[in-house]
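Scroll down for the structure; my scribbles are underneath it.
The basis for the numbers below is simple: all heavy atoms, side chains too, and nothing from hydrogens, waters or symmetry mates.
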Amino acid sequence: MSENKKIIEIKKGEEYKICEIKVNDTDNLFHPSFVNAARGVMEIINYNESIMNNREKNSETLNNIIAFCGERGQGKSSAMLSFSRFLCQGDTNKNLLCSGLGNNIFHTMDAIDPTRIENKENIITLILASMITKFRDKWQSEDSKYKDRSKKDMILECFQKAYQQVNTIKKDDIKDEYDSSLDELIAIGDSADLKATLTELVKKYLDFFYEGKSSFLVIQIDDTDLNIKRAYEIIEDVRKYFVIPRVIVLMATKIDQLSRAVEQQYRIDFKEMIKVMDENEFSSMAAKYMDKLIPENRRIYLPDLR
């Protein structure tokens, strides 16, 4: 087959369903996109290693979000899910896509659909719930070799601590929960350490499954932009609390619509200043936020079939 021709497979009756794409098939239309995604993953891994080796003591954790971008029906969800499944495959297959990729283990969470997040739920607790379910299944499995009760209890305590901190941060009226203002201040202070708690939890969690091996937690968020009312809250929670070592975040999103959701939130946050702010300033602020959240080289633009 000539270099400028690619294959796309469509199964009759499944034209509008999510399908699994052969990531390593060089003749597949999406193959160049998967190569770019794999390079992004390796960049995250290499920077994580530099942090773990204390070579970048004064640096923040490198942005760890990779977004599959495109219009509706362009295959964003299929590409993201296919890529995450591919990461779970054997070493040889992964190294064929990107050198060094097969030297790591990827622990993939089920994709989260933001449109199903209820009013009292948030993306942090959904991720924690998915993690603890996998942890419980592993612990209870008959072939589990992990019988150290103290190790199990340590991880469960970490889960509980994280959950309590999330509840404090997300609670609408903190005063309802605490008897005194001092207790309230202590709780708020503890919740400020949520990012550190999640960092510790992820480390202990991955070491429980893959002790002594290079391993990463892969979080998937599908159609991030579709929950218009809460899109900004979702990506802000990810930015604040999951840009941490040994975590890779995969998103499927229409980047322009996500940017508009951010812009709309800024208009709400700065409503008192709208009269004195330039109209274009809101879109400029949103664009800068998106550039920092998902840099251009981490946006995997899928081929436009039209």
Side-chain angles (χ1 to χ4, degrees), residues 8-11 14-23 28-30 33-34 36-38 40-41 44 63-89 106-134 202 216-243 247-262 264-265 290 293-295 298-305:
I8 180 169
E9 295 181 3
I10 302 174
K11 294 182 180 180
E14 299 182 5
E15 296 88 349
Y16 301 103
K17 295 180 180 179
I18 294 176
C19 65
E20 186 162 358
I21 306 169
K22 298 175 183 177
V23 174
N28 190 280
L29 184 68
F30 292 88
S33 301
F34 291 133
N36 290 335
V41 169
I44 294 170
N63 184 291
N64 61 351
I65 301 174
I66 296 175
F68 290 88
C69 308
E71 298 293 326
R72 296 281 161 257
Q74 201 167 333
K76 303 184 298 297
S77 297
S78 294
M80 182 190 72
L81 293 170
S82 298
F83 184 69
S84 68
R85 290 169 185 165
F86 172 81
L87 290 177
C88 298
Q89 293 180 3
F106 300 92
H107 187 90
T108 305
M109 298 287 99
D110 294 336
I112 296 172
D113 181 356
T115 62
R116 296 184 178 181
I117 298 179
E118 302 294 338
N119 290 333
K120 294 184 178 181
E121 293 179 338
N122 60 78
I123 193 75
I124 310 173
T125 52
L126 290 181
I127 293 170
L128 290 175
S130 182
M131 289 175 65
I132 201 167
T133 298
K134 286 182 177 288
V202 168
F216 292 81
L217 182 72
V218 180
I219 298 169
Q220 300 182 86
I221 308 176
D222 194 12
D223 286 330
T224 315
D225 57 295
L226 282 186
N227 191 334
I228 302 299
K229 292 183 178 180
R230 301 184 64 185
Y232 178 76
E233 177 191 346
I234 291 168
I235 59 176
E236 196 46 7
D237 280 343
V238 171
R239 183 191 70 81
K240 286 180 180 177
Y241 305 115
F242 287 101
V243 180
V247 171
I248 297 170
V249 180
L250 301 181
M251 288 185 180
T253 187
K254 184 177 178 182
I255 205 77
D256 292 342
Q257 186 164 313
L258 190 59
S259 184
R260 284 195 293 272
V262 174
Q264 183 61 34
Q265 185 62 44
M290 291 301 300
L293 180 75
I294 312 173
R298 295 293 176 77
R299 301 178 187 184
I300 312 301
Y301 291 100
L302 302 180
D304 190 345
L305 304 184

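Rounded to the nearest 0.5 angstrom, L258 CG and I228 CD1 are separated by 8.5 Å. For the atom pair I127 CD1 and D110 CG, the distance stands at 12.0 Å (nearest 0.5 Å). Here the straight-line distance linking atom CE of M80 with atom CE of M251 works out to 10.0 Å at 0.5 Å rounding. Note: I221 CD1 to I117 CD1 = 8.0 Å, rounded to the nearest 0.5 Å. For the atom pair CG of D223 and CD1 of I112, the computed distance is 13.0 Å after rounding to the nearest 0.5 Å. Rounding to the nearest 0.5 Å places CD1 of I219 at 8.0 Å from CD1 of I123.
The shortest side-chain heavy-atom distance between R230 and N122 falls under the 4.5 Å cut-off. In this structure, the side chains of P303 and F30 come closer than 4.5 Å at one or more pairs of heavy atoms. Side-chain contact between L293 and I235: present, with at least one pair of heavy atoms (C-beta onward) separated by less than 4.5 Å. Inter-residue side-chain proximity for F216 and V41 is flagged as unmet; no heavy-atom pair is nearer than 4.5 Å. H107 has its side chain within reach of K134: a pair of non-hydrogen atoms, C-beta onward, lies under 4.5 Å apart. The shortest side-chain heavy-atom distance between I44 and R298 falls under the 4.5 Å cut-off. For the pair F242/I65, no side-chain contact is recorded, criterion being any heavy-atom separation below 4.5 Å from C-beta on. The shortest distance between side-chain heavy atoms of I255 and Y301 falls below 4.5 Å.
N64 places a side-chain N or O within 3.5 Å of a backbone atom of V247 that can act as its donor or acceptor partner. No side-chain donor-acceptor contact under 3.5 Å links S33 to the backbone of I300.
Relative orientation of the F86 and F83 rings is parallel, given thresholds of 30° and 60° on the angle between their planes.
Among all heavy-atom pairs drawn from R116 and E121, the shortest one is O-OE1, 3.8 Å. Of all heavy-atom pairs spanning S84 and Q220, the tightest one is OG-OE1, 2.8 Å. Minimum heavy-atom separation, I234 to P114: CD1-CB, 3.6 Å. In plain terms, the two heavy atoms of K76 and F68 that are nearest each other are CD-O, 3.6 Å. In terms of heavy atoms, L226 sits closest to T115 at CB-CG2, 3.5 Å. The minimum heavy-atom distance between S130 and M109, with the atom names listed, is OG-SD, 3.4 Å.
Remark: Q257 pairs with D225 by the side chain to side chain donor-acceptor pair (under 3.5 Å) rule, at least two apart or across chains. Residues forming a side chain to side chain contact (heavy atoms under 4.5 Å, CB included) with S259 (at least two apart in sequence, or on another chain): A286, M290.
The neighbour count for R72 CZ, taken as heavy atoms of other residues, nucleotides or ligands under 6.0 Å away, is above 12.
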side-chain hydrogen bond (donor to acceptor under 3.5 Å, both in side chains) between S77 and D222: does it pass, once the steps are laid out?
-> CA-CA 6 Å; S77 297; D222 194 12; 2.5 Å; yes
Apply the test side chain to side chain contact (heavy atoms under 4.5 Å, CB included) to residues V23 and Q89: give CA-CA distance (whole Å), side-chain angles for both, the deciding distance (0.1 Å), then the verdict.
-> CA-CA 11 Å; V23 174; Q89 293 180 3; over 6 Å; no
